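Step one of this worksheet: look at the structure below.
It should be emphasised that the depicted structure is a prediction, and the values quoted were computed from it without experimental measurement. By convention here, the first residue in the shown sequence is residue 1. Worth knowing before you read on, the calculation uses all heavy atoms, side chains too, and leaves out hydrogens, waters and symmetry mates.
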Amino acid sequence: MSTAEQTIDGKTPTSDEDASRRDFLHIAAAGVGAIGTGLAVWPFIDQMNPAADTLALASVEVDLSSIGEGEGIVITWRGKPVFIRNRTQVEIDEARAVDVSALPDRQSDAERVVEGREKWLVVLGVCTHLGCVPLGTKSGDDQGEYGGWFCPCHGSHYDTSGRIRKGPAPKNLEVPTYSFISDTTIRIG
């Protein structure tokens with residue numbers, strides 16, 4: 001054996017063995033580099049998560065017992081107004097009687113409320129046109145032509161189900177995720 005040849009365990013390595021060892025070393029080095037990069041970058045990615053005070057506002061419980069029939073309140077959830085209305089039977093009947101095929105954003109009243117609790121309507125109070133806050137929750141507010149909400153900025157009219165009926169708004173008022181945790185309390189979020 002010449003001095004240029006090296007032996008491992010008494011054997012002379014072949015070029016195939018050298019290539020497979022080299023491939024293994026490249027793969028191992030790349031893997032260690034990827035893990036190291038991930039560990040170095042993780043603090044920067046993690047700081048983009050919502051702060052603890054923001055996560056605390058991810059859901060809110062609302063007591064409905066103080067809202068009389070035909071009345072509504074505005075609460076703030078995730079920095080946005082939420083309209084909660086205790087609808088009268090007349091408002092429910094009007095909302096149910098609408099021909100859905102004639103609506104710009106076709107959605108029935110039943111799709112916008114919890115079954116069995118139709119008197120409670122919960123919608124985000126943000127006009128879907130330019131993000132204004134429509135009027136209609138406070139006593140004496142203009143409720144528009146359909147008895148729901150009216151956005152005076154550009155003239156969007158919403159009905160008693162929060163559906164767009166007239167004006168430039170393209171979509172209905174959004175219904176947030178909510179559930180009843182008792183007969184008089186809901187959890188939004």
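Between the side chains of Arg112 and Gln107, at least one donor-acceptor pair of N or O atoms lies under 3.5 Å. Counted by atom type alone, Ser161 and Asp159 present zero donor-acceptor pairs between their side chains at under 3.5 Å.
Taking OG from Ser108 and CZ from Arg163, the interatomic distance works out to 7.5 Å, rounded to the nearest 0.5 Å. Of the inter-residue distances, the one linking Ile92 atom CD1 with Arg87 atom CZ reads 5.0 Å to the nearest 0.5 angstrom.
The hydrophobic clustering, which links ILVMFWY residues whose side-chain heavy atoms are closer than 4.5 Å, places Val74 and Val60 together. Leu135 and Phe83 are members of different hydrophobic clusters when ILVMFWY side chains are connected at heavy-atom separations under 4.5 Å. Under the 4.5 Å side-chain contact rule for hydrophobic residues, Val113 and Ile75 share a cluster. Hydrophobic cluster membership is shared by Trp77 and Phe180, with clusters built from Ile, Leu, Val, Met, Phe, Trp and Tyr side chains linked at under 4.5 angstrom.
Gln143 places a side-chain N or O within 3.5 Å of a backbone atom of Gly136 that can act as its donor or acceptor partner. One N or O on the side chain of Arg106 and one on the backbone of Ser101 form a donor-acceptor pair closer than 3.5 Å.
The shortest side-chain heavy-atom distance between Gln89 and Asp93 falls under the 4.5 Å cut-off. Side chains of Thr160 and Arg85 form a contact here, defined as non-hydrogen atoms less than 4.5 Å apart. Residues Phe150 and His157 meet the side-chain proximity criterion, which asks for heavy atoms closer than 4.5 Å. Side-chain contact between Thr184 and Asp63 is present, with heavy atoms from C-beta onward closer than 4.5 Å. Taking 4.5 Å as the limit, some side-chain heavy atom of Arg165 sits within range of a side-chain heavy atom of Leu103. Asn86 places none of its side-chain heavy atoms less than 4.5 Å from the side chain of Leu64. Looking at heavy atoms from C-beta onward, Val62 lies in side-chain contact with Ile188 at the 4.5 angstrom threshold. Residues Ile84 and Ile186 meet the side-chain proximity criterion, which asks for heavy atoms closer than 4.5 Å.
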Note to self: Between Val100 and Glu111, is the side chain to side chain contact (heavy atoms under 4.5 Å, CB included) condition met? List the steps.
What the structure shows: CA-CA 11 Å; Val100 177; Glu111 294 175 89; 5.6 Å; no
Worksheet item: Between Cys127 and Tyr158, does a side chain to side chain contact (heavy atoms under 4.5 Å, CB included) hold up when you go through it step by step?
Response: CA-CA 9 Å; Cys127 180; Tyr158 297 91; 3.2 Å; yes
Please report, to 0.1 Å, the donor-acceptor pairs under 3.5 Å made by any side chain of residues 115-124, with sequence neighbours excluded.
unit_1 : atom_1 : unit_2 : atom_2 : d
Arg117 : NH1    : Asp183 : OD1    : 3.4
Glu118 : OE2    : Gly116 : N      : 2.9

